[in-house]
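Residue numbers start from 1 in every chain, and the chains themselves are labelled A, B, ... in the order their sequence lines are given, proteins ahead of strands. Model, not experiment: these values are computed from the prediction.
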Number of protein chains: 2
Amino acid sequence: MKSKILKYLSKYTEITEQLENAINESAYFKSYKKGDILLKEGDFSNECYFILEGCIRSYFVKDGEEKTIEFYTEEEVVTPSNIGKSTPSQYFLECLEDTVVNVGNPALENEMYHKYPQLESLSRVIAEVILTKQQESYTAFKSSTPEERYLQLLKTRPNLLQRASQHQIASYLGIRPESLSRIRKRLINK
Amino acid sequence: MKSKILKYLSKYTEITEQLENAINESAYFKSYKKGDILLKEGDFSNECYFILEGCIRSYFVKDGEEKTIEFYTEEEVVTPSNIGKSTPSQYFLECLEDTVVNVGNPALENEMYHKYPQLESLSRVIAEVILTKQQESYTAFKSSTPEERYLQLLKTRPNLLQRASQHQIASYLGIRPESLSRIRKRLINK
DNA sequence: TTGACTTCTTAACTTAAGTCAACGAGTTAA
DNA sequence: TTAACTCGTTGACTTAAGTTAAGAAGTCAA
């Protein structure tokens, strides 16, 4: 039975058996409890995560408020933007549930890229795909009202609404919790 | 004297002389006039662009309105999201000024990646950098008011306001032209 | 030169998000 | 068992963006 991470990678390209073995051997796991903080604002970072089970939220604090940047769930990659750099993190990473991840780090990755150029090629392709998806959601966000954004979230990631609190969802949608509450009420009456 | 594209690439890593020559030999140029359309909604795409001089705007049409996705200027890369794929473009690319570009295409790129793995590695790094930047601007957008977004644009890309019309800027900021006009007026009186 | 456009602005009005305050329900900890 | 929290909701009020319409200035082409 293939590991989740190999399933994820083979969506993009066929993985040679040699690379498959190398990935399986190098993969290592970590488990976190609900509420655990993986990264704090101001911290340095040397790890990235592939989520096997659970949910991770990135957020920063502005005007004393937590602003949710993104929710990451199963089969998604979380890469702190300061990974391997000497700059402090601008944001937090927090587990919204008990979470199991594969952990990677830049040194191991570079070693793997060196040994398996196919993997670096794959990383480029995946980075480009994620970039395109993000561009699309950014664009959709810009040209939508808060209500449309909420409906879109309902459609594309309905389970997020069970996994995160409403004030977290609200800041993710770029609005205040009171407004989200009113939008929900408005929609029920439609 | 180094070409602009080589200057751009060498910001990220040192380029071997061999690769430098290959890039210079393979580089080819196109010139467009103000108003030229590089890509239409529904078209297929087989080219990407590195801007040497000028300005390109991506936009789509929703409810009969042009919604600006992004403005690209000198030393930036424009990659249609359907490049090399059999899916039609969701958006337009238009020159806001006379524009000179280096043109690339997937076949050539893949050939170059094959010959020069260093170049693919570089592409991965650049994709990751752009991804991080985009994430940051998406996040800033979400947690800002229209007025703050406009001020941010004034600070980070002041010349855009000379190069694009106000209704283009407005849709880029996710607001209506009338609102942008009012924001400008409000700020003058401050 | 004229007329048709486009661009930007302004005004009046509508709509909805932000703000502030309060409340009930549920949770946690002393 | 309280007391202190958090969370979601609601209400009253403020603020600003959306909408519609109109007009002034500039551009372009017949």
Side-chain angles (χ1 to χ4, degrees), chain A residues 33-37 55 57 59 61-68 71 92 94-98 140-154 158 160-190, chain B residues 33-37 55 57 59 61-68 71 92 94-98 140-154 158 160-190:
Chain A
K33 285 282 162 200
K34 176 175 176 171
D36 281 0
I37 302 287
C55 183
R57 176 177 76 110
Y59 68 92
V61 177
K62 185 183 172 186
D63 309 327
E65 295 270 343
E66 290 185 5
K67 309 279 184 178
T68 297
F71 296 105
F92 296 80
E94 172 204 27
C95 295
L96 294 189
E97 309 167 350
D98 292 356
F141 188 96
K142 273 189 190 177
S143 65
S144 305
T145 62
E147 182 173 321
E148 288 168 335
R149 285 176 217 152
Y150 175 69
L151 287 169
Q152 184 60 21
L153 190 67
L154 266 183
L160 262 194
L161 296 146
Q162 325 307 325
R163 304 174 91 168
S165 69
Q166 267 177 234
H167 66 271
Q168 289 167 351
I169 300 280
S171 76
Y172 179 61
L173 296 174
I175 58 178
R176 321 248 71 228
E178 297 93 327
S179 294
L180 178 55
S181 182
R182 278 188 294 240
I183 288 170
R184 287 159 54 87
K185 193 181 174 188
R186 216 155 62 209
L187 291 172
I188 290 167
N189 297 333
K190 272 189 183 166
Chain B
K33 285 280 162 202
K34 176 175 176 172
D36 282 359
I37 302 286
C55 184
R57 177 176 76 108
Y59 68 93
V61 177
K62 185 181 171 188
D63 309 327
E65 296 269 343
E66 289 184 5
K67 309 278 185 178
T68 297
F71 296 105
F92 296 81
E94 171 203 27
C95 296
L96 294 188
E97 308 166 351
D98 292 356
F141 187 95
K142 273 188 189 176
S143 65
S144 305
T145 62
E147 181 173 321
E148 288 168 335
R149 287 176 215 151
Y150 175 70
L151 287 169
Q152 185 60 21
L153 189 66
L154 266 182
L160 261 194
L161 296 147
Q162 326 306 324
R163 303 174 92 167
S165 69
Q166 266 177 234
H167 66 272
Q168 290 167 350
I169 300 280
S171 76
Y172 179 61
L173 296 175
I175 59 177
R176 323 249 67 228
E178 298 92 329
S179 295
L180 178 55
S181 183
R182 277 189 295 239
I183 288 170
R184 287 157 55 86
K185 192 180 174 189
R186 217 155 61 209
L187 290 172
I188 289 167
N189 298 333
K190 270 185 184 168

* Check ring-ring contact (aromatic ring centres under 6.0 Å, His included) between A/Tyr150 and all other residues, then give those that pass, not counting sequence neighbours. => none

* To do: Return the set of residues passing salt bridge (charged side-chain N to carboxylate O under 4.0 Å, His left out) with A/Arg176 (not counting sequence neighbours), or none when no residue passes.
  => A/Glu65

* In whole angstroms, how far is the P atom of D/dA17 from the NZ atom of A/Lys142? -> 17 Å

* **Gap between atoms CG and P, on B/Asp63 and D/dT20 respectively (whole Å)** => 12 Å

* Structure fact -> Contacts of A/Arg163 meeting salt bridge (charged side-chain N to carboxylate O under 4.0 Å, His left out) (sequence neighbours excluded), chain-then-number -> A/Glu74, A/Glu97

* So, B/Glu147 and B/Arg182, do they make that salt bridge, N to O below 4.0 Å? -> no

* Can you name the side chain to side chain donor-acceptor pair (under 3.5 Å) partners of A/Glu178, sequence neighbours left out? -> none

* Nearest-Å distance, CD (A/Gln168) to C1' (D/dT6)? -> 12 Å

* Asked: How long is the line joining NE2 of A/His167 and P of D/dC5, in whole Å?
  -> 16 Å

* What does nucleotides 10-29 of chain C look like as a protein-contact string, B for base, S for sugar-phosphate only, - for none, at under 4.0 angstrom between heavy atoms? -> BSB---SSBBB---------

* To do: For D/dT6, take OP1 and OP2 only and decide whether either is under 4.0 Å from a side-chain N or O of A/Gln166.
  => no

* To do: In whole angstrom, give the distance that lies between atom CD of B/Glu65 and atom C1' of D/dA17.
  => 15 Å

* Asked: Just by distance, do the side chain of B/Ser171 and the backbone of B/Gly174 share a donor-acceptor pair under 3.5 Å?
  -> no

* Asked: Which angle, to the nearest 10 degrees, lies between the helix axes at the two ends of the helix from C/dT1-D/dA30 to C/dA30-D/dT1, each defined by five pairs?
  -> 40°

* To do: With sequence neighbours left out, write down each residue that passes salt bridge (charged side-chain N to carboxylate O under 4.0 Å, His left out) with B/Asp36, or none if nothing qualifies.
  => none

* To the nearest angstrom, how far is A/Tyr150 atom OH from D/dG8 atom C1'? -> 12 Å

* To do: Taking side chain to side chain contact (heavy atoms under 4.5 Å, CB included) as the test, write out the residues that go with B/Ser181, two or more places apart.
  => none

* Using atom CD1 of B/Ile188 as one end and atom P of C/dT9 as the other, report the distance to the nearest whole Å. => 8 Å

* With sequence neighbours left out, what residues match A/Tyr59 under side chain to side chain donor-acceptor pair (under 3.5 Å)? -> none

